[in-house]
Number of protein chains: 2
Amino acid sequence: MVDPDSPEQAYLQVANDLGRRIQAGEIRGRLTSERDLAGEYEVSYGTIRRAMGILRDRGLVVSVHGRGTFVTRASGS
Amino acid sequence: MVDPDSPEQAYLQVANDLGRRIQAGEIRGRLTSERDLAGEYEVSYGTIRRAMGILRDRGLVVSVHGRGTFVTRASGS
DNA sequence: AGACATTTGTACGTATGTATG
DNA sequence: GCATACATACGTACAAATGTC
């Protein structure tokens, strides 16, 4: 979930939460689809897209068109 | 509301009132938008802007473009 | 080949909010 | 008080890639 009372932007809250969970080893392999993540975090698809872009820039995940988004090998615990 | 018969300037009345309510813990998280505050205090938007600038200078709030103005953590009760 | 489902990718329009003059 | 610009966020629709049956 995202805290609307936080000054932190929604897409950053999502990116930081996912990044933390990835580095903690909670998430491995394939991530939940972007649209499903939008439902889980209760934000729009565009917000998830933006958060994913940040995770890709950080090198934590790679996205494959038509297949999904995957945790990179070095990112886990 | 603002007292037009007071010698204190309108933007100072607003800033002081909001500052008092923040430090009393009445306001936390996200503030009402600047446009709505202008309606509540029955002053112009510019007056609210000026009052907000004072609250920011005092470190009571932070404003985030496109998201809102937020009470800083240390400001509440 | 074809049909279908799933998923990422792209592109709108709309609403709301701050920033500035 | 108003207009303009910019940023965030939402919602939707459609396109493109992949895999399965």
Side-chain angles (χ1 to χ4, degrees), chain A residues 1-22 26-73 75-76, chain B residues 1-4 6 8-19 21-22 26-73 75:
Chain A
M1 254 289 273
V2 156
D3 179 12
D5 285 347
S6 166
E8 191 178 33
Q9 287 122 331
Y11 68 91
L12 282 179
Q13 291 186 48
V14 173
N16 289 335
D17 185 63
L18 283 174
R20 180 189 55 73
R21 289 167 60 194
I22 287 170
E26 291 176 30
I27 304 176
R28 57 187 65 187
R30 192 178 161 285
L31 272 68
T32 305
S33 78
E34 294 179 339
R35 281 179 176 81
D36 285 349
L37 282 174
E40 289 182 10
Y41 281 97
E42 295 182 16
V43 296
S44 77
Y45 179 52
T47 299
I48 292 292
R49 290 282 306 157
R50 197 155 179 182
M52 287 303 203
I54 291 171
L55 295 179
R56 279 193 293 272
D57 289 345
R58 290 184 189 165
L60 291 176
V61 299
V62 292
S63 297
V64 182
H65 196 168
R67 268 180 65 68
T69 301
F70 302 85
V71 175
T72 53
R73 196 144 303 162
S75 305
Chain B
M1 255 289 275
V2 155
D3 179 11
S6 168
E8 192 179 33
Q9 287 127 321
Y11 71 90
L12 280 179
Q13 289 186 49
V14 173
N16 289 335
D17 185 62
L18 282 174
R21 288 166 60 194
I22 287 170
E26 291 176 29
I27 305 176
R28 58 187 65 189
R30 193 177 163 287
L31 272 68
T32 305
S33 76
E34 293 181 340
R35 284 185 178 85
D36 287 348
L37 282 174
E40 289 181 10
Y41 281 97
E42 297 181 16
V43 296
S44 78
Y45 181 51
T47 297
I48 293 293
R49 291 283 306 159
R50 195 157 180 182
M52 287 301 205
I54 291 172
L55 295 179
R56 279 193 292 272
D57 289 344
R58 290 184 190 164
L60 290 178
V61 301
V62 293
S63 297
V64 181
H65 194 168
R67 206 164 153 72
T69 300
F70 302 84
V71 174
T72 54
R73 199 144 302 164
S75 305

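Chain letters run A, B, ... following the sequence lines, proteins first and then strands; every chain starts at 1. Worth knowing before you read on, the calculation uses all heavy atoms, side chains too, and leaves out hydrogens, waters and symmetry mates. Given the structure is predicted, the values throughout are model-derived calculations rather than measurements.
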Atom CE of A:Met1 and atom P of D:dA9 are separated, to the nearest Å, by 14 Å
Please tell me which of A:Arg35 and A:Tyr11 maps to the more 5' nucleotide of DNA chain D, matching each residue to the nucleotide holding its nearest heavy atom.
A:Tyr11
Under 4.0 angstrom between A:Arg49 side-chain N/O and C:dT8 OP1 or OP2
no
From the list C:dT8, D:dC6, D:dT18, which nucleotide is the closest neighbour of the side chain of A:Arg67?
D:dT18
Just wondering, are more than 12 heavy atoms of other shown residues or ligands nearer than 6.0 Å to CZ in B:Arg50?
no
Would you kindly give the CD1-to-C1' distance between A:Ile48 and C:dG9, to the nearest whole Å?
15 Å
Check the distance between C:dT6's C1' and A:Phe70's CZ and give it to me in whole angstrom.
12 Å
Figure out the NE2/C1' separation between B:His65 and D:dA7, and round it to whole Å.
4 Å
Distance check: side-chain N/O of B:Ser33 vs OP1/OP2 of C:dT16, anything under 4.0 Å?
no
Give one of base, sugar-phosphate or nothing for A:Gly46, where a contact means two heavy atoms less than 4.0 Å apart.
nothing
Within the structure shown, what part of the strands sits under 4.0 Å from A:Tyr45 by heavy-atom distance: base, sugar-phosphate, or nothing?
base
In whole angstroms, the gap separating P of D:dA9 from CG of A:Asp3 amounts to 12 Å
Starting at the 5' end of DNA chain D, which residue's closest nucleotide do you reach first, B:Val43 or A:Gln9?
B:Val43
Exam field: side chain B:Arg49 to backbone B:Ser44, donor-acceptor pair closer than 3.5 Å:
no
Rounded to the nearest 0.5 Å, the CG atom of B:Leu37 sits from the CG atom of B:Leu18 at a distance of 6.0 Å
Write down the distance between CD (A:Gln13) and P (D:dC10), rounded to a whole number of angstrom.
11 Å
Spacing of A:Glu34 atom CD relative to C:dT6 atom P, expressed in whole Å:
16 Å
Got a donor-acceptor contact below 3.5 angstrom from the A:Thr72 side chain to the A:Leu60 backbone?
yes
Can you list everything that forms a salt bridge (Lys or Arg N to Asp or Glu O under 4.0 Å) with A:Glu8? Sequence neighbours excluded, please.
none
According to a strict under-4.0 Å criterion, is A:Thr47 in side-chain N/O contact with OP1 or OP2 of D:dT8?
no
Can you check the A:Glu8 CD to D:dT8 P distance for me, whole Å?
13 Å
Ignoring backbone atoms, test whether A:Arg50 places a side-chain nitrogen or oxygen under 4.0 Å from the OP1 or OP2 oxygen of D:dT8.
yes
Is there a side-chain polar atom (N or O) of A:Arg30 under 4.0 Å from OP1 or OP2 of C:dT7?
yes
